[in-house]
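Please read all numbers here as calculations on a predicted model, not as lab measurements.
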Amino acid sequence: MTGYTTSESAHDLAAISKALDTPLSLLGISYGTHLGLATMDEHPEIIDRVVLVSVEGLDQTVKLPVRTDAYFERL
């Protein structure tokens, strides 16, 4: 399971871009925005255009219930 990370998925997009020999245009919503931001950060050379909707920043992912509770306390 350690290979299923956002960073690994960004590397997968880079591999797709290389295999197709073309830059990528990305459309991301929710987690797709998180992946798009990671890809732009790690592989900016493969990006042509990007549209991000309902952005989830690289340091904003809240998944575990305990983290969600802490988030609402801070909010």
Novice: Restricting to side chain to side chain contact (heavy atoms under 4.5 Å, CB included), what partner residues turn up for Asp48, sequence neighbours left out?
Specialist: Pro23, Ser25

Novice: I need the minimum non-hydrogen distance between His43 and Ala10, along with the two atoms involved.
Specialist: CD2-O, 3.6 Å

Novice: So which heavy atom on Ala38 is nearest to which on Thr6, and how close?
Specialist: CB-CG2, 3.6 Å

Novice: Can you find a heavy atom in the side chain of Val55 that is under 4.5 Å from one in the side chain of Leu37?
Specialist: yes

Novice: Using the test side chain to side chain contact (heavy atoms under 4.5 Å, CB included), find all partners of Ser7 that sit at least two apart in sequence or belong to another chain.
Specialist: Thr5, His11, Glu42

Novice: Let me know which of Thr22, Ile46, Asp12 forms a side chain to side chain contact (heavy atoms under 4.5 Å, CB included) with Ser17.
Specialist: Ile46

Novice: Under 4.5 Å between side-chain heavy atoms, counting indirect links through other Ile/Leu/Val/Met/Phe/Trp/Tyr residues: same cluster for Leu20 and Met40 or not?
Specialist: yes

Novice: Are Val51 and Tyr31 connected, step by step, through hydrophobic side chains (Ile, Leu, Val, Met, Phe, Trp, Tyr) whose heavy atoms are closer than 4.5 Å?
Specialist: no

Novice: Check whether the side chains of Ser9 and Tyr4 place a donor and an acceptor atom closer than 3.5 Å, and report yes or no.
Specialist: no

Novice: With a 4.5 Å heavy-atom cut-off, do Leu26 and Leu35 have their side chains touching?
Specialist: no

Novice: Verify the cluster assignment for Leu13 and Ile29: are they in a single hydrophobic cluster under the rule of side-chain heavy atoms below 4.5 Å apart?
Specialist: no

Novice: Should Thr39 and His34 count as side-chain neighbours, where that means a heavy-atom distance under 4.5 Å?
Specialist: no

Novice: Considering all heavy atoms of both residues, which atom of Ser30 and which atom of Thr33 are nearest to each other, and what is their separation?
Specialist: O-OG1, 2.5 Å

